Undergrad: 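Please find one structure pasted underneath; my questions will follow.
Just so we're on the same page: letters track the sequence lines, and every chain starts at 1. Note that the structure is predicted; figures quoted are calculated from it, not measured. Just the heavy atoms: all of them, side chains too, but no hydrogens, waters or symmetry mates, feed the values below.
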2 protein chains.
Amino acid sequence: MLYMCSTRDDDRTARAVIRDEALRLFAERGPDAVTVRQIATAAGVSPGLVVHHFGSKDGLRTEVDQHVLAVFEAMLGQLTGEGGADLLDPQTGSLSEALAQHLPPDSPLPGYLRRLLLSDTDAGRLLFRRLYELSRAALAQLADAGLAAPGRDPDARAAFLLANDLALFLLRDRLTDVLGTDPLSAEGITRWAPEMLSIYAGGLTASPDDTNTPVPPIPDTPRGDPPTA
Amino acid sequence: MLYMCSTRDDDRTARAVIRDEALRLFAERGPDAVTVRQIATAAGVSPGLVVHHFGSKDGLRTEVDQHVLAVFEAMLGQLTGEGGADLLDPQTGSLSEALAQHLPPDSPLPGYLRRLLLSDTDAGRLLFRRLYELSRAALAQLADAGLAAPGRDPDARAAFLLANDLALFLLRDRLTDVLGTDPLSAEGITRWAPEMLSIYAGGLTASPDDTNTPVPPIPDTPRGDPPTA
DNA sequence: ACGTAGGCTGAACAATCGTTTAACATGCTA
DNA sequence: TAGCATGTTAAACGATTGTTCAGCCTACGT
């Protein structure tokens, strides 16, 4: 079964290698910008073999989609299993953080999920809807526990929180550029999380140290106050 | 000068028509997914004319980039001129809202800016950096006015607020899908803004009506409470 | 031992891409 | 009115794309 001419030192099937390399390249440049020949070269096989195993380039893309979604779902199950159901509780961390922390720093998965979420495909829509339902459930649970108000429009509020969480994900490169720190790295989270926590806990007017204490009332004098030291 | 065979009923130069159609198509499907022939057909000209006017497809893309950035910059100038400098004040509305409201509903500009922000190009990085500086300045101004705390890390806080604002923009289609309302439409804003305002004003625990009243302290009993009816 | 199914290759195919070229029509200028 | 720059088209070119095909090599069942 193994007579591959190239020197691949892992025990993965050629099929799996093609899938993994395609995943990596798709995440990096997008499926449309990657050619079958590039995938074949990266996997150390011939272009014909790619089609032979997956029927077509689109078949390969579909299978990578399924694979990524399966891995993501498995990771989601593991996270809700270990950390309880408060995965999306802003107090304990965000979805993006959890994802970044449970993945090797060079994993192509975040990038692929990013493209999937932004792509105008059924898979992307399904993924977002899944996250949305998760966000809704988390908000409802938080509300039940008295840790958050459901808001006037719980659906919109859940969507708002989810969108904010995903923004960190979608704008990761841009934020790294302006902040000088990858917000999804261990170091970046130490910058990001306190601000997020502070705002979610007490709003924009709360000072960072008020995280666990009641929020002072907003002064009635609208502006012109001396800057708060 | 005008002897075009096609029946175009506007007074724009063929060059401008090509640029506008390219802008529309680029925003819709992305520059790489749009062919020169498609642009030419949409503009009612021959493919050769596109290259004749813009040198190459990439030249056209660059010019569309410049044009979009110029229009955006002009709109930014107008907005800060009329509405004062608190354009990014969450109390008065977000950047996304302002952009959506001052543009026809079918304008390709938001879509193009979205792709620009997410594209790995210098133009995209520059645009984001511009918005980031705007956000920093707005936060500093808000802090001076006593309407917001600068936070422990003002740069990170400004980035957080900007990312949240842009999320609405980047995930517009997905949010429309799950909410049933375009969050950037007039109707959608009435759902979105109150939740955003409420959280920014008093945090997650504030009830929507507490916008201008103090926030109640978080109860000490962590969980296991009966669901609050 | 032998045949056969499947992993795999390299060359070739048709289609489509961005771009080039030659030619033509038009308006301005001298 | 002759001439020239400019706007415009149709056809064609080379490169690249996804895909097909014929055939080789190896492993496995009988």
Undergrad: Which of residues 59-66 of chain B sit near DNA chain D, with a heavy atom under 4.0 Å from it?
TA: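 None, since no heavy atom is under 4.0 Å.
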
Undergrad: Return the set of residues passing side chain to side chain donor-acceptor pair (under 3.5 Å) with Thr62(B) (not counting sequence neighbours), or none when no residue passes.
TA: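 Applying side chain to side chain donor-acceptor pair (under 3.5 Å) to Thr62(B) gives none.
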
Undergrad: Separation of Arg15(B) atom CZ from dT6(D) atom C1', in whole Å?
TA: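 Value for this atom pair: 13 Å.
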
Undergrad: Treating primed atoms plus P, OP1 and OP2 as sugar-phosphate and everything else as base, which nucleotides of nucleotides 17-22 of chain D get B, S or - for protein heavy atoms under 4.0 Å?
TA: BBBB--

Undergrad: Of all residues at least two apart in sequence or in a different chain, which pass the side chain to side chain donor-acceptor pair (under 3.5 Å) check with Arg37(A)?
TA: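 Once residues adjacent in sequence are excluded, Arg37(A) has no partner under the side chain to side chain donor-acceptor pair (under 3.5 Å) criterion.
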
Undergrad: Taking Asp177(A) first and then Arg174(A), would you say they form a salt bridge - that is, a charged N and a carboxylate O separated by under 4.0 Å?
TA: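 No, Asp177(A) and Arg174(A) are not salt-bridged.
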
Undergrad: Leu49(B) CG to dT19(C) P: how many Å, rounded?
TA: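 Nearest whole value for this atom pair: 14 Å.
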
Undergrad: Under the side chain to side chain contact (heavy atoms under 4.5 Å, CB included) test, which residues partner Ala33(B), sequence neighbours left out?
TA: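 Checked Ala33(B) against side chain to side chain contact (heavy atoms under 4.5 Å, CB included); matches are Arg29(B).
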
Undergrad: Separation of Phe54(A) atom CZ from dG6(C) atom P, in whole Å?
TA: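 Atom CZ in Phe54(A) sits about 17 Å away from atom P in dG6(C).
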
Undergrad: For Ser107(A), check side chain to side chain contact (heavy atoms under 4.5 Å, CB included) against everything at least two apart and list the hits.
TA: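 Applying side chain to side chain contact (heavy atoms under 4.5 Å, CB included) to Ser107(A) gives Leu103(A), Pro104(A), Leu109(A), Pro110(A).
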
Undergrad: Can you list every pair that meets ring-ring contact (aromatic ring centres under 6.0 Å, His included) and has a residue in residues 165-192 of chain B, with sequence neighbours left out?
TA: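 Pairs touching residues 165-192 of chain B that pass the test: Phe160(A)-Trp192(B).
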
Undergrad: Would you give me the side-chain donor-acceptor pairs under 3.5 Å for residues 64-71 of chain B, sequence neighbours excluded?
TA:
unit_1: Asp65(B); atom_1: OD1; unit_2: Tyr112(B); atom_2: OH; d: 2.4
unit_1: His67(B); atom_1: NE2; unit_2: Arg19(B); atom_2: NH1; d: 3.2

Undergrad: Determine to 10° how strongly the helix from dA1(C)-dT30(D) to dA30(C)-dT1(D) is bent, judged from the axes of its five-pair ends.
TA: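 The value is 10°.
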
Undergrad: In a table with atom names and distances, give each donor-acceptor pair under 3.5 Å that connects a side chain of residues 183-190 of chain A to protein atoms at least two apart or in another chain.
TA:
unit_1: Ser185(A); atom_1: OG; unit_2: Asp182(A); atom_2: O; d: 2.7
unit_1: Ser185(A); atom_1: OG; unit_2: Gly188(A); atom_2: N; d: 3.1
unit_1: Thr190(A); atom_1: OG1; unit_2: Glu187(A); atom_2: O; d: 2.4

Undergrad: Could you tell me the separation between the CZ atom of Arg29(B) and the C1' atom of dC17(C), rounded to a whole number of Å?
TA: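 Taking atom C1' of dC17(C) as the reference, CZ of Arg29(B) is at 15 Å.
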
Undergrad: Who are the side chain to side chain donor-acceptor pair (under 3.5 Å) partners of Asp122(B), not counting sequence neighbours?
TA: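 Residues passing side chain to side chain donor-acceptor pair (under 3.5 Å) with Asp122(B): Arg125(B).
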
Undergrad: Applying side chain to side chain donor-acceptor pair (under 3.5 Å), name anything that partners Arg115(A), two or more places apart in sequence or on another chain.
TA: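 If we apply the side chain to side chain donor-acceptor pair (under 3.5 Å) test to Arg115(A), skipping adjacent residues, there are no hits.
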
